[in-house]
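First comes the structure, then the notes that go with it.
Chain letters run A, B, ... following the sequence lines, proteins first, then strands; residues in each count from 1.
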There are 2 protein chains.
Amino acid sequence: MSIEAAAPTRPMRADARRNYEAIVRVAGDAFAEHGTQASLDDIACRAGVGPGTLYRHFPNRDCLLEAALVESRLALNELAEQLLADDDAGAALDTWLLALARHANTWDGLPDSIVQSINNKQSPLGASCSTLVDATGRLFDRAREQSAVTADVSARDLFVMAGSLAWAASRPRRDTGARAEASDDLPRLLGLLMRGLR
Amino acid sequence: MSIEAAAPTRPMRADARRNYEAIVRVAGDAFAEHGTQASLDDIACRAGVGPGTLYRHFPNRDCLLEAALVESRLALNELAEQLLADDDAGAALDTWLLALARHANTWDGLPDSIVQSINNKQSPLGASCSTLVDATGRLFDRAREQSAVTADVSARDLFVMAGSLAWAASRPRRDTGARAEASDDLPRLLGLLMRGLR
DNA sequence: ACCTGAACACCGTTCAAGT
DNA sequence: ACCTGAACACCGTTCAAGT
């Protein structure tokens with residue numbers, strides 16, 4: 001939950017660590033405001049560093065996304081542990097997929113980065129998502145043992161479906177000038193999917 | 001099926017029409033090669049016109065996407081007419097949703113543009129998609145009358161779901177360096193969705 | 001009426017020069 | 001070891017000048 005978790009094995013110089021933390025903090029704000037395509041130049045500027053410093057710490061956009069998502073993902077892993085101890089494996093799976101989709105919807109554009117990086121160990125985002133895919137598989141298997149679901153689906157398919165529904169629910173409804181209603185379509189769409197698995 | 005369908009009511013000057021057609025043709029190639037985010041400057045250049053000419057004919061990217069998709073969408077409308085006369089309304093709905101998803105997958109990034117522009121009459125892409133949403137609703141209603149499906153879903157939800165599955169199936173698997181296998185996940189994912197509607 | 005292409009503001013990324 | 005910021009190649013968009 002602290003930044004230590006993603007920090008390199010050797011301690012960083014004081015100024016380097018200060019810059020690292022400032023960049024991650026500012027990046028979270030920028031992603032929340034402009035989506036995952038926020039300008040990296042702008043993030044560096046607002047963090048008070050040159051663009052080169054940002055690239056030194058985070059060679060590509062995925063690295064920065066990963067660092068800014070560490071806390072949220074650790075919380076998800078904790079949730080998975082709790083749900084694996086839940087008596088009702090079917091309800092646990094529902095809860096899990098909703099939490100997963102909401103995590104993917106932390107920022108606009110994030111579902112795309114996540115689904116695109118699945119199983120790609122070159123991407124730090126993909127590597128860190130593999131634990132989430134594993135958890136999805138374990139929760140699904142438990143639900144199937146209890147006959148709460150009967151369909152035959154891979155953990156990767158389930159993960160991708162949750163991501164794609166998150167994507168669908170997050171597409172801003174830019175209707176004719178009117179401000180987008182913040183309707184939460186996610187539970188309804190997930191319900192549709194789960195209907196098919198039972 | 002000809003370009004006439006999207007052309008303005010008054011005839012264009014000969015050179016303007018030549019440029020219009022060249023831009024649309026080149027745009028199709030560029031979108032196929034680089035996805036919907038292909039450089040507009042590059043398209044103008046390859047079509048032998050200045051960037052200003054491209055913007056005169058197509059004030060924004062959606063306008064160009066729409067023009068380059070005219071033929072494919074007209075073919076879809078014809079398919080809808082045929083499927084509405086099909087005796088097996090359930091199979092017709094399956095066929096329709098698959099065709100819809102494949103249409104959305106014509107180019108990388110297209111599902112995003114389509115779903116984002118739904119119900120937005122300011123976008124020519126959104127306006128032209130509304131006929132597809134209508135057709136989806138009619139085919140779904142017919143399937144429900146035959147009890148081939150029982151779920152209660154809006155035409156817009158169905159359309160969005162098809163688009164999101166297209167999106168999921170089209171995310172390039174950029175695995176560790178190996179070239180992406182061109183696996184076609186779409187039918188399997190759509191089958192999962194349809195299972196939930198029956 | 002339509003086209004041209006220079007011009008502007010922006011962005012990601014690199015790298016020589018600093019401390 | 002780390003940071004800086006100029007520099008490069010690019011992009012979308014506009015608009016005065018042409019024909």
Next on the checklist: Can you see whether A:Thr53 engages A:Asn19 through a side-chain donor-acceptor pair at a distance of less than 3.5 angstrom?
Outcome noted: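 Absent: no donor and acceptor within the cut-off.
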Next on the checklist: For the residue pair A:Ser72 / A:Arg102, report whether a side-chain donor-acceptor contact shorter than 3.5 Å exists.
Outcome noted: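 On atom types as modelled, these side chains do not qualify, holding no pair under 3.5 Å.
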Report the distance from atom [atom1] of [X] to atom [atom2] of [N], rounded to the nearest whole Å.
{"X": "B:Asp62", "N": "D:dG12", "atom1": "CG", "atom2": "C1'", "answer": "15 Å"}
{"X": "A:Phe58", "N": "C:dG12", "atom1": "CZ", "atom2": "P", "answer": "15 Å"}
{"X": "A:Arg18", "N": "D:dC3", "atom1": "CZ", "atom2": "C1'", "answer": "12 Å"}
{"X": "A:Asp42", "N": "C:dC11", "atom1": "CG", "atom2": "C1'", "answer": "11 Å"}
{"X": "A:Tyr20", "N": "D:dC3", "atom1": "OH", "atom2": "P", "answer": "13 Å"}
{"X": "B:Leu54", "N": "D:dC11", "atom1": "CG", "atom2": "P", "answer": "14 Å"}
{"X": "A:Tyr55", "N": "C:dA16", "atom1": "OH", "atom2": "P", "answer": "18 Å"}
{"X": "B:Arg17", "N": "C:dC2", "atom1": "CZ", "atom2": "P", "answer": "12 Å"}

Checklist entry - So what's C:dC15 paired with, Watson-Crick or G-U wobble, going by both distances under 3.5 Å? => result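 For C:dC15, the partner nucleotide comes out as D:dG5, under the 3.5 Å rule.
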Is [X] salt-bridged to [Y], cutoff N-O under 4.0 Å?
{"X": "B:Arg46", "Y": "B:Asp29", "value": "no"}
{"X": "B:Asp112", "Y": "B:Arg61", "value": "no"}
{"X": "B:Arg138", "Y": "B:Asp141", "value": "no"}
{"X": "B:Arg18", "Y": "B:Asp15", "value": "no"}

Among [options], which nucleotide has an atom closest to any side-chain atom of [X]?
{"X": "B:Ala16", "options": "C:dC3, C:dG12, D:dG12", "value": "C:dC3"}
{"X": "A:Asp15", "options": "D:dC3, C:dG12, D:dG12", "value": "D:dC3"}
{"X": "A:Arg56", "options": "D:dC2, D:dG12, C:dC2", "value": "D:dC2"}

Listed pairs, N/O of protein and of nucleotides 4-7 of chain C, under 3.5 Å:
residue : atom : partner : partner atom : Å
C:dT4   : OP2  : B:Gly50 : N            : 3.3
C:dT4   : OP2  : B:Thr53 : OG1          : 3.1
C:dG5   : O6   : B:Gly52 : N            : 3.3

Next on the checklist: Using heavy-atom distances to pick each residue's nearest nucleotide on DNA chain C, tell me which of A:Pro59 and A:Arg13 is more 5'.
Outcome noted: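 It is A:Pro59, whose closest nucleotide lies nearer the 5' terminus.
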Checklist entry - What orientation do A:Phe31 and A:Trp107 show, parallel under 30°, tilted 30 to 60°, or perpendicular over 60°? => result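 Answer is tilted, since the angle falls between 30° and 60°.
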Next on the checklist: So, does A:His57 get its side chain near the phosphate of D:dC2, meaning an N or O under 4.0 Å from OP1 or OP2?
Outcome noted: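 No, because none of the side-chain N or O atoms of A:His57 sits under 4.0 Å from OP1 or OP2 of D:dC2.
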